[in-house]
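Remarks on the structure that follows.
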Amino acid sequence: MSELPQRQTDIGPPHYSKFLPPVIKENYGKWKYHEILSAGVMVHVAESGAKIWSVRVASPRLVSTDFIRDICEIADKYCDGHLRFTTRHNVEFLVSDESKVEPLVNELKEKGYMIGGIGDRISNVVHTQGWVHCHSAATDASGLVKALMDELHEYFHTKELPAKVRLAVACCVNMCGAVHCSDIALVGVHKTPPRIEHDKVKNLCEIPSTVASCPTSAISPDPAKKSVKIKLEKCMYCGNCYSVCPAMPIADPKNDGVAIVVGGKVSNLRSNPMFSKLAVPWLPNNPPRWPEVVDAVKTILNAYIEGARKHERLGEWVERIGWEKFFKVTGLPFKMQHIDDFTFARETWRMAATFKW
Amino acid sequence: MSELPQRQTDIGPPHYSKFLPPVIKENYGKWKYHEILSAGVMVHVAESGAKIWSVRVASPRLVSTDFIRDICEIADKYCDGHLRFTTRHNVEFLVSDESKVEPLVNELKEKGYMIGGIGDRISNVVHTQGWVHCHSAATDASGLVKALMDELHEYFHTKELPAKVRLAVACCVNMCGAVHCSDIALVGVHKTPPRIEHDKVKNLCEIPSTVASCPTSAISPDPAKKSVKIKLEKCMYCGNCYSVCPAMPIADPKNDGVAIVVGGKVSNLRSNPMFSKLAVPWLPNNPPRWPEVVDAVKTILNAYIEGARKHERLGEWVERIGWEKFFKVTGLPFKMQHIDDFTFARETWRMAATFKW
Amino acid sequence: MSQKHETPLLDELEKGAFPSFVKEIKRAAEHSEYAQDLLGQLELSYKEKVTHWKHGGIVGVRGYGAGVIGRYSDVPDKFPGVAHFHTVRVNQPAGFFYTTDALREICDIWDKYGSRLTNMHGSTGDIILLGTKTENLEPVFAELSSRGWDLGGSGSAVRTPSCCVGPARCEWSCYDTLELTYQITQRFQDELHRPMFPYKFKFKMAGCAVDCIASIARADMSIIGTWKGNIQIDQEEVRNYAKNGMDIQAEIVDMCPTGCMSWDGNELKINDEDCNRCMHCIAKMTKALRQGEEKGATILLGSKAPIVTGALMSWVIVPFIKLEPPYEELFDLVERIWEFWDEHGKNRERVGELIERMGFPVFLKETGLEPHPAMVKEPRRDPFFFWSEEDIEK
Amino acid sequence: MSQKHETPLLDELEKGAFPSFVKEIKRAAEHSEYAQDLLGQLELSYKEKVTHWKHGGIVGVRGYGAGVIGRYSDVPDKFPGVAHFHTVRVNQPAGFFYTTDALREICDIWDKYGSRLTNMHGSTGDIILLGTKTENLEPVFAELSSRGWDLGGSGSAVRTPSCCVGPARCEWSCYDTLELTYQITQRFQDELHRPMFPYKFKFKMAGCAVDCIASIARADMSIIGTWKGNIQIDQEEVRNYAKNGMDIQAEIVDMCPTGCMSWDGNELKINDEDCNRCMHCIAKMTKALRQGEEKGATILLGSKAPIVTGALMSWVIVPFIKLEPPYEELFDLVERIWEFWDEHGKNRERVGELIERMGFPVFLKETGLEPHPAMVKEPRRDPFFFWSEEDIEK
Ligand code: SRM
Ligand code: SRM
Ligand code: SRM
Ligand code: SRM
Ligand code: SF4
Ligand code: SF4
Ligand code: SF4
Ligand code: SF4
Ligand code: SF4
Ligand code: SF4
Ligand code: SF4
Ligand code: SF4
């Protein structure tokens, strides 16, 4: 490794201006409007009249360098070497020359890229590491995304929805991503308490921070064992203790599974940003295709398509019809677990005599 | 006291049927509709066609037996001895004979009773004991009500409002009554911590329950003194410790005062029941007429009258225009105290980028 | 009796249009030492801006722990008439209906033994006889009870149940609020008079969602009438409202919270499946609209004032119950709830606070109630929740 | 290289229309031992329904505490290629714009030292180079940094700031999200690379209230563009939308959350005083409506995922700020906030949680911000609140 170049520190990322296509540099901050030309193509028009076309394709996000080289090749051919990624991990080819748009689209189609994600559709699924890279995962993320999108891809490239539907997957309740504010999201959950490996606790864990990590104060020191103990009936299996203390593994293949939360959003359009709420507390981890989970998502999505008004996000639709109606039209069972017994209990219990039969 | 009659226990109240006018007995549960004939007169019509007129007059609620005898006399004359009180402490004369309604109204007017409170008006003020009878009072209740209603009485007997406006007064944060769900309400508040009378604590107070009474855990035992101590910066002057421990008086004539909370309701019509929210954190106790308080209430009421749509309760109006607008149209200053730093903090901070300038 | 104390500040409150409590105290003071000294002490409070009452000690009538609020002056030397000034809470008749005879009977007793001052009524609903001394408590009680009156609740007991006027004079009452109030009061006489709970427990009965007794805000158990079935529309009467100047689109249709109504200038339509029975349209068009035919009530639990962690409103625990005598299903439920509270409640912990602390699901499980979407405005947000043994694969 | 492990379960996920991550791993596996054994271990996880990764230890590059996520297999004997499998987080360029040259440069380095697998991008925004062994970390860093790339954040540090495409390709950006992201990143290089906070701190920059970077949900500081002044209407274009089939009443006017618009079939009117700048109308009629002219941003603080007491969204702490280089006002504020957090924050306590624990008013006072109604959706309910010495009469 003698031929290593001279390292530098604290230089930060390259300045973005190095990477902008000329038309963007020239019209930076001077865009006037845009038009969505198809599920995967839009054009932005500047005050100067200049235009830039963006052609969006889906990415599995977990990509090989081969994938990157492939798209680079295409971008060289049609975009003078310019492309970007979206905040939801799609690829956007940035075309400055109208005559190259159609050929680009054709080549992309030919090569099997999925063009879409623009407008009132399902775009890419924001997701996390899962069994591919995380110790904390109660489920896999990439696999769930693939299983889901294989069924829903038409909403990416063809069909339209009442509004954008943002999907997300997180493999544990740490919820790296935006599961807590997504239209429909999956989150890996445990159903059983952590197991304490007493012999390891003393080497691997700091007792006070382990005790402090528990949201329900279920953990207390066990001085005799130089370890900790758990009041089992207080544990709601969040796994936060395992995050700080590796000697408290919580993964449990038989009982780990997937919860579905729905109705979140982050945009401020019309309604304020909303948190997602629990629709299905638990479905089994059934890789590779998680059929129960995929079915439940489809049920929810179809009820939304059926019931929502144009421009109405999923959460807005549910707020309008009421959650009691949501359970009715989806047929999802309402369980003890749906009732908050934690932070938001007070705000979520029905303090009114009004509800729908 | 030898001539005392034989006491009885656990007999409960008399059965209400003993007190119902015949027309009510006959049409019990068979009313069809009602009409509001004037600010203080309404008629209920039964399926049978039978009718009962109710004539409502204001009461100070704190009344002498002379007052009761006076109204009894009137009820004997026009109502065959039947009358009732409302849940807001007004008196209702129950007339079965249409021809007696007008004479009754005339006599009431002559004698100076205030007829009204029906329909979209201000009805009586639900209130509490205050300096008349409670050790806990941070202000007086009856006096505040009188000062307020002397200014607002036209809305009781004449003027109409967009909807009912329910006023309430509580003399301390125990809030006997419905201050926490009223359109406009006054509540007596302290601004300084309790003083600990250490010598008395040991005789009068149970240390553990005193410690437990504090919502912010400001109180801890002081074993040396066999008393308690207060972490002053944690005390928010709620007075709950004084409720359980008389040796911790909190009344402070210079700093006790009145807070105004607004926008609550209990009916389910249109919107769900709503809690009142803080409009003015503190105004001075300025008996006998509390001019600052009365002015602030009038300011709020006038802004409501100006801004609300027909049938819109005060809280509904504010929700529609937004609280930032409420402070703008009323000119009331927005202070640190308005920002929740307690139970509902999370729910009340603005987690959105939308608000009005 | 001429007035014993000068009351310049209070005198100001005799002026003005609204009926004056000062005038009432003065009227009582014409015949009562209590009222004389109450005037004096109150004037002092007005001057000094502070209460002159001390914490009440334990006073009451024999065999009861409830019904009397003890009260002592902290300036008894100046105002001996109110050195003791205990309140007697008399259980009102359901619906606050009286005959003049009944009222005079109470006045007679109170003139004899008390201050001649009352609150008609207290916020909970009692007839408040305001101020007497300890030795008069037994006589007052003997006089009252021998004539069929009993005391109401106080302390850590059932508090005097109360209700809206209901079927007695209202077309919207979905059950008999007066009878249920009476029956609850009778059934729980022991719990009402002998405090044995962790804290107070209040019942309030409202005949419909208009809630004219504010039950949802201030009753541990709020029983609110409602219905199943379609709202009955008399189209002719709807048109009459329109003719008489009501803007049905703006005042009714646009204000319906569920948006389930429509009006074409001739016919009003309601999509009853989406109606949440808020009562707005019915209340505004009482001649034209009537509730659905299957009547009953929703039971809600837990409301209270803000001490300690903020006010609570009652929340739905039973979406629909038929309420007809002998009300055994309801009484059973009440007893299961009290058992739960007895077992887990801390001192001075209201049942709503307890459920919040223990968790609503735990409460449901222990009282044998089934979870139902009507119980929540929205499901939980965070994905942390408990499972039972039977949900786990071993 | 031919595939080392059988992967019947994963093979299933090569099928189907959506692009497959399994295919990607397999492509990488053609040249990479890491990817080979990743396939094997992942297949095992799919079979056993459990992760096979252990907690990461402390690994990284010299002088940095951040930028690398350590990761070890718990079955290293079976899958030695992923015995170590550390992630390198490379700070992306603002707005995620690249030239193909730049991307290839990164690929070249990663092919040489790592698994050939990446996430483009991580949820926070980094280029995630997925999996290498400890001894390769320094070489990777040397190669990257010598070519102008640096590592992103991890641990209790500033996390890699990120932003929406903003002025680069969007007509609604109210400030330069890319430049601000770049400047913040540069300004806080030390805080980004050397964890010294109680916990992580994230910045996300959105050009307007549409919030295409989900900043309000997942950034300790969310900076969201907005404006003052009237929405500019091109009535001709409004009519064009109508002509082209848009139901302006239903889709725009009726959906405006503040009800401040009206449309008579010819002219669209906005009562701007009541507009809360939600962006709905502008987003749906981009050719006809443009934002008001005075541009700036709202600063919000505190969002995070649900651990420990439920998710938070960021809330308003500065209603309006002009954002132009050199951004000193903003940087000052950030430093005041960090001081507050440093002083009071517990270990693993996000700034939002700290403010909730200490009280928003305390935070305002200590950071010198003035209370403003825009900070709350509604004022407090309970009447318990603090006063300062200067508010008290002695
Ligand atoms: C490219 C991207 C920004 C970027 O920096 O990468 C982007 C670009 C645009 N967004 Fe976005 N949004 C992008 C992520 C988001 C996000 C963030 C997210 O999903 O995590 C949101 C918030 C979602 C939420 O609320 O949960 C978002 C909510 C919107 C909305 C609001 C939709 C709504 O009704 O709530 C609009 C306006 C609209 O659709 O009318 C919008 C509109 C737009 C416009 C039209 C803005 C413009 O004038 O250029 C852009 C193209 C629209 C499209 O894709 O349909 N964009 N947009 C992101 C594309 C992600 C993707 O690959 O799909
Ligand atoms: C007499 C009384 C019941 C009783 O048992 O004593 C009563 C009687 C009626 N109420 Fe009430 N309400 C009575 C207290 C209440 C309360 C409780 C309270 O104020 O503490 C409420 C809830 C207030 C709240 O939401 O904060 C109440 C909210 C209503 C409403 C709902 C108003 C709204 O728009 O929210 C209606 C319907 C309406 O006005 O259209 C209503 C309607 C009625 C009707 C029309 C019902 C009927 O058909 O008889 C009665 C006469 C109307 C009137 O007074 O305007 N009543 N009404 C109470 C009179 C109190 C008083 O002296 O003023
Ligand atoms: C008399 C009455 C006020 C009135 O003028 O009407 C009243 C008066 C007192 N209430 Fe009350 N409460 C009265 C109705 C209420 C109500 C309203 C209701 O019942 O509908 C509430 C709010 C609802 C609730 O229960 O939460 C109420 C909430 C309180 C509280 C706070 C309880 C809580 O859990 O937050 C206290 C404090 C306590 O219990 O220590 C309290 C305590 C008191 C005490 C006993 C003072 C004390 O701390 O010992 C007061 C005695 C005053 C006196 O000397 O006369 N009072 N109290 C009401 C009872 C009259 C009656 O029996 O009809
Ligand atoms: C790689 C990434 C997921 C992904 O696949 O994209 C990720 C991966 C991890 N996150 Fe995350 N988080 C990632 C974005 C997020 C986000 C989203 C965001 O930043 O926009 C969140 C939610 C927002 C937030 O910050 O609250 C997030 C909330 C968490 C949490 C919960 C923190 C909390 O305060 O609630 C943890 C737990 C922790 O810090 O111990 C966590 C912890 C972790 C750890 C380090 C696991 C751990 O406990 O040590 C994960 C390492 C996985 C691995 O081995 O690769 N990660 N994490 C994301 C970072 C990529 C990048 O740098 O671009
Ligand atoms: S969501 Fe949990 S399991 Fe998934 S990457 Fe984040 S910390 Fe790891
Ligand atoms: S899993 Fe969560 S609730 Fe259970 S002991 Fe660990 S930290 Fe506590
Ligand atoms: S509100 Fe407070 S001061 Fe007034 S009567 Fe109730 S307990 Fe006493
Ligand atoms: S007044 Fe309230 S906050 Fe202050 S010490 Fe007493 S109980 Fe605690
Ligand atoms: S609550 Fe309903 S039933 Fe009772 S009086 Fe009011 S409107 Fe009538
Ligand atoms: S009762 Fe309420 S929800 Fe039902 S139709 Fe009438 S206004 Fe609408
Ligand atoms: S957040 Fe606003 S400025 Fe940024 S890309 Fe989205 S719409 Fe454009
Ligand atoms: S930006 Fe939103 S609030 Fe303002 S006019 Fe448009 S839709 Fe209405």
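It should be emphasised that the depicted structure is a prediction, and the values quoted were computed from it without experimental measurement. Residue numbering restarts at 1 for every chain, and letters A, B, ... go by the order of the sequence lines.
- Put simply, of D:A297, D:A374, D:A209, D:P383, the one with the most heavy-atom pairs under 4.5 Å next to chain B is D:A374.
- Looking at D:C278, the atoms closer than 4.5 Å to chain B (heavy atoms on both sides) sit in the backbone and in the side chain alike.
- When side chains are defined from C-beta on, B:F327 counts as touching D:P379, because their heavy atoms get closer than 4.5 Å.
- Residue contact with chain B, scored on non-hydrogen atoms closer than 4.5 Å, involves the backbone of D:L369 exclusively.
- Chosen from D:A206, D:P361, D:C275, D:G359, the residue pairing most often with chain B at heavy-atom distances under 4.5 Å is D:P361.
- Separating the CE atom in B:M336 from the CZ atom in D:F385 is a distance of 14.0 Å, to the nearest 0.5 Å.
- Contact of D:P319 with chain B is made through backbone and side chain together, with heavy-atom distances under 4.5 Å.
- For D:I392, the parts lying near chain B are the backbone and the side chain together; criterion is any non-hydrogen pair under 4.5 Å.
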* Kindly indicate, with the supporting measurements, whether the criterion side chain to side chain contact (heavy atoms under 4.5 Å, CB included) is fulfilled by B:F334 and D:V376. => CA-CA 10 Å; B:F334 184 85; D:V376 300; 3.8 Å; yes
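- Contacts of B:F344 with chain D are made by side-chain atoms alone, with heavy-atom separations under 4.5 Å and no backbone atom involved.
- Note on B:G239, B:P281, B:A345, B:C238: by heavy-atom pairs under 4.5 Å with chain D, the leading option is B:P281.
- For a residue to count as touching a neighbouring chain, one of its non-hydrogen atoms must lie under 4.5 Å from one of that chain's; by this rule D:I317 does not touch chain B.
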Record all donor-acceptor atom pairs with a distance under 3.5 Å between chain B and chain D; write none if the list is empty.
{"residue": "B:K191", "atom": "NZ", "partner": "D:D391", "partner atom": "O", "Å": "3.2"}
{"residue": "B:Y237", "atom": "OH", "partner": "D:W387", "partner atom": "N", "Å": "3.1"}
{"residue": "B:Y237", "atom": "OH", "partner": "D:W387", "partner atom": "O", "Å": "3.3"}
{"residue": "B:K254", "atom": "NZ", "partner": "D:K394", "partner atom": "O", "Å": "3.0"}
{"residue": "B:N255", "atom": "OD1", "partner": "D:E393", "partner atom": "N", "Å": "2.7"}
{"residue": "B:N255", "atom": "ND2", "partner": "D:E393", "partner atom": "O", "Å": "2.7"}
{"residue": "B:L278", "atom": "N", "partner": "D:R380", "partner atom": "O", "Å": "2.8"}
{"residue": "B:K325", "atom": "NZ", "partner": "D:E273", "partner atom": "O", "Å": "2.9"}
{"residue": "B:K325", "atom": "NZ", "partner": "D:E273", "partner atom": "OE2", "Å": "3.1"}
{"residue": "B:K325", "atom": "NZ", "partner": "D:D274", "partner atom": "OD1", "Å": "3.4"}
{"residue": "B:Q337", "atom": "O", "partner": "D:R380", "partner atom": "NH1", "Å": "3.4"}
{"residue": "B:Q337", "atom": "NE2", "partner": "D:F386", "partner atom": "O", "Å": "2.8"}
{"residue": "B:H338", "atom": "O", "partner": "D:R380", "partner atom": "N", "Å": "2.9"}
{"residue": "B:I339", "atom": "O", "partner": "D:R380", "partner atom": "NH1", "Å": "3.2"}
{"residue": "B:D340", "atom": "OD1", "partner": "D:R380", "partner atom": "NH2", "Å": "3.4"}
{"residue": "B:D341", "atom": "OD1", "partner": "D:R380", "partner atom": "NH1", "Å": "3.2"}
{"residue": "B:D341", "atom": "OD1", "partner": "D:R380", "partner atom": "NH2", "Å": "3.0"}
{"residue": "B:R346", "atom": "NE", "partner": "D:E356", "partner atom": "OE1", "Å": "3.3"}
{"residue": "B:R346", "atom": "NE", "partner": "D:E356", "partner atom": "OE2", "Å": "2.6"}
{"residue": "B:R346", "atom": "NH1", "partner": "D:T309", "partner atom": "O", "Å": "3.3"}
{"residue": "B:R346", "atom": "NH1", "partner": "D:G310", "partner atom": "O", "Å": "3.0"}
{"residue": "B:R346", "atom": "NH1", "partner": "D:A311", "partner atom": "O", "Å": "3.2"}
{"residue": "B:R346", "atom": "NH2", "partner": "D:T309", "partner atom": "O", "Å": "3.4"}
{"residue": "B:R346", "atom": "NH2", "partner": "D:T309", "partner atom": "OG1", "Å": "2.9"}
{"residue": "B:R346", "atom": "NH2", "partner": "D:E356", "partner atom": "OE1", "Å": "2.9"}
{"residue": "B:E347", "atom": "O", "partner": "D:K377", "partner atom": "NZ", "Å": "2.8"}
{"residue": "B:T348", "atom": "O", "partner": "D:K377", "partner atom": "N", "Å": "2.7"}
{"residue": "B:T348", "atom": "O", "partner": "D:E378", "partner atom": "N", "Å": "3.4"}
{"residue": "B:R350", "atom": "N", "partner": "D:M375", "partner atom": "O", "Å": "2.9"}
{"residue": "B:R350", "atom": "O", "partner": "D:V316", "partner atom": "N", "Å": "3.1"}
{"residue": "B:R350", "atom": "NE", "partner": "D:A374", "partner atom": "O", "Å": "2.8"}
{"residue": "B:R350", "atom": "NE", "partner": "D:V376", "partner atom": "O", "Å": "3.3"}
{"residue": "B:R350", "atom": "NH2", "partner": "D:P373", "partner atom": "O", "Å": "3.3"}
{"residue": "B:R350", "atom": "NH2", "partner": "D:V376", "partner atom": "O", "Å": "2.6"}
{"residue": "B:F355", "atom": "O", "partner": "D:R277", "partner atom": "NH2", "Å": "2.2"}
{"residue": "B:W357", "atom": "NE1", "partner": "D:W227", "partner atom": "O", "Å": "3.0"}

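- For the options D:G310, D:G352, D:G302, heavy-atom pairs under 4.5 Å to chain B are most numerous at D:G310.
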